[in-house]
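Keep in mind that this is a model prediction, so the values were computed, not measured. Chain naming here is simple, since letters A, B, ... match the order of the sequence lines and numbering starts at 1 in each.
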There are 2 protein chains.
Amino acid sequence: MMEHELFNIGQAAVKSGISAKMIRHYEDVGLIPKASRTFSGYRLYNNRDIHMLRFICHARDLGFSIKQISELVGLWSDKDRASSKVKALVRDHIIALDEKILSLNTMKIQLEHLASCCNGDSRPECPILEELSA
Amino acid sequence: MMEHELFNIGQAAVKSGISAKMIRHYEDVGLIPKASRTFSGYRLYNNRDIHMLRFICHARDLGFSIKQISELVGLWSDKDRASSKVKALVRDHIIALDEKILSLNTMKIQLEHLASCCNGDSRPECPILEELSA
DNA sequence: CATTAACCTTCCAATGATAGCAAGGTCAAT
DNA sequence: ATTGACCTTGCTATCATTGGAAGGTTAATG
């Protein structure tokens, strides 16, 4: 027997790890389908909805964009998907992460070099500023 | 003899590496002082202005935020600054970069693990989606 | 039954750095 | 005089998220 409990947006937020604010936003931008409503207009979520929200939460924690998550949700919902499509999405994201990490790391190395050249005392002489200024 | 050439915003953009758009924006938000103007309203930049823009460009390339760059510009302009203040700013930024790198790296490792578990073929079985869904 | 607290609703605005467009004015050369 | 390349302002968008205001609903309490 499937349970058919219904939750309002606040409970769905707690259960899914996504804020009520963001759940509404995801509905606005079409990432999730429009929630059904009570007579008085409150959104209602069932266990399947919350399952999808949790899926989205995990994907978000891995740094996927809304657009990518939208594609992932599509594949997730398609029982005939090819797993190669999922893997390709993941690979693309890994590459993007790599580029970002590389870029940040380059900055870090340069900054560490600058910092190591600066006495960091009460005097005004500062190789860091001189470098930035050059 | 100091040169006192004057440049319009397009020339300043080319010379500094910051787009005209962003130069105006930096003026709007108070990062740089309001430029002087020709009679007809065009902004004018001298060599000192462009020097400051180049300083900003370098700082930006190192990932400093506008707010941090604002502080750096302040210290740069203050001939009596203590170099320790500059170094502290740099150290804080290095720490922030480290945190970001760590976070991205954690994502990457998890994704690589997921990808390695997925066949990536034409069949629908996909451990990646199963994991995200769990 | 009235009040109150904790919900919910929509709409609007802000973040940070950047880019785009549109409508219009200016400048220099042809 | 016209043209093209520049400049001006102002508004819009991106991306993911948060905040607030103003108002309606629900559930429990006195």
Side-chain angles (χ1 to χ4, degrees), chain A residues 5-32 34-45 49 53 55-73 92-93 96-97 99-100 103-104 107, chain B residues 6-32 34-45 49-50 53 55-73 92-93 96-97 99-100 103-104 107:
Chain A
E5 293 175 80
L6 292 176
F7 309 95
N8 62 27
I9 200 169
Q11 296 168 307
V14 170
K15 280 170 103 51
S16 69
I18 298 181
S19 71
K21 213 86 182 166
M22 288 310 296
I23 295 176
R24 290 193 198 96
H25 176 65
Y26 290 159
E27 183 182 311
D28 276 350
V29 300
L31 177 56
I32 55 178
K34 299 210 170 194
S36 57
R37 304 279 186 136
T38 66
F39 183 72
S40 61
Y42 284 21
R43 286 175 181 80
L44 287 176
Y45 299 91
D49 297 327
L53 286 172
F55 178 93
I56 291 170
C57 186
H58 291 147
R60 200 185 46 174
D61 286 346
L62 288 172
F64 286 102
S65 68
I66 297 263
K67 196 180 161 202
Q68 288 172 315
I69 294 174
S70 184
E71 295 178 53
L72 283 171
V73 168
D92 285 352
H93 185 38
L97 284 177
E99 284 168 8
K100 214 172 280 181
S103 155
L104 295 179
M107 291 179 191
Chain B
L6 292 175
F7 308 95
N8 63 25
I9 200 169
Q11 296 168 308
V14 171
K15 280 170 100 55
S16 69
I18 298 181
S19 72
K21 211 87 185 169
M22 287 310 295
I23 295 176
R24 291 192 199 98
H25 177 66
Y26 289 158
E27 184 181 309
D28 277 348
V29 300
L31 176 57
I32 54 177
K34 298 210 171 196
S36 58
R37 303 280 185 133
T38 65
F39 183 74
S40 59
Y42 283 22
R43 287 175 180 79
L44 286 176
Y45 299 90
D49 297 327
I50 286 164
L53 287 172
F55 178 93
I56 291 170
C57 186
H58 290 147
R60 199 185 47 174
D61 286 346
L62 289 171
F64 286 101
S65 68
I66 297 263
K67 197 180 161 200
Q68 288 171 315
I69 294 175
S70 183
E71 294 177 53
L72 283 172
V73 168
D92 286 352
H93 185 39
L97 284 178
E99 284 169 9
K100 213 170 281 182
S103 156
L104 295 181
M107 291 178 192

Rounded to the nearest angstrom, tell me the gap between atom [atom1] in [X] and atom [atom2] in [N].
X	N	atom1	atom2	answer
A/I18	D/dA16	CD1	P	13 Å
B/Y42	D/dC6	OH	P	11 Å
B/L6	D/dC7	CG	P	14 Å
A/L62	D/dA16	CG	C1'	16 Å
A/I66	D/dT14	CD1	P	12 Å
B/N8	C/dC27	CG	P	11 Å
A/I9	D/dT18	CD1	P	13 Å
A/Y45	C/dC8	OH	P	10 Å

If you compare every side-chain N and O of [X] against the phosphate oxygens of [N] (OP1, OP2), does one of them come in below 4.0 Å?
X	N	value
A/R43	D/dT25	no
A/T38	C/dC8	no
B/S40	C/dC27	yes

Quick check on contacts: within residues 20-28 of chain A, what sits under 4.0 Å from DNA chain D by heavy-atom distance?
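Result for residues 20-28 of chain A: A/K21, A/M22, A/H25, A/Y26, sorted by number.
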
Just so I know, are the side chains of [X] and [Y] near enough to count as touching, which here means a heavy-atom distance under 4.5 Å?
X	Y	result
B/H25	B/M22	yes
B/I69	B/Y26	no
B/R43	B/R24	yes
A/R60	A/C57	yes
B/I23	B/S16	yes

Please find the pair of heavy atoms, one from A/H93 and one from A/L62, that lie closest to each other, and give the distance.
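Scanning both residues completely, I find the closest heavy atoms to be NE2-O, 2.8 Å.
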
Under a 3.5 Å distance rule, please check whether A/E71 uses its side chain to pair with a backbone N or O of A/Q68 as donor and acceptor.
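Answer holds: no.
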
Would you indicate which nucleotide in D/dC7, C/dT10, D/dT9 comes nearest to any side-chain atom of B/R37?
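Output: D/dT9.
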
Toward the 5' end of DNA chain D, by each residue's nearest nucleotide, B/G10 or A/S19
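Residue closer to the 5' terminus by nearest nucleotide: B/G10.
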
Nearest-nucleotide wise, let me know which of A/G41 and B/R60 is further upstream toward the 5' end of DNA chain C.
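Counting from the 5' end, the first nearest nucleotide belongs to A/G41.
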
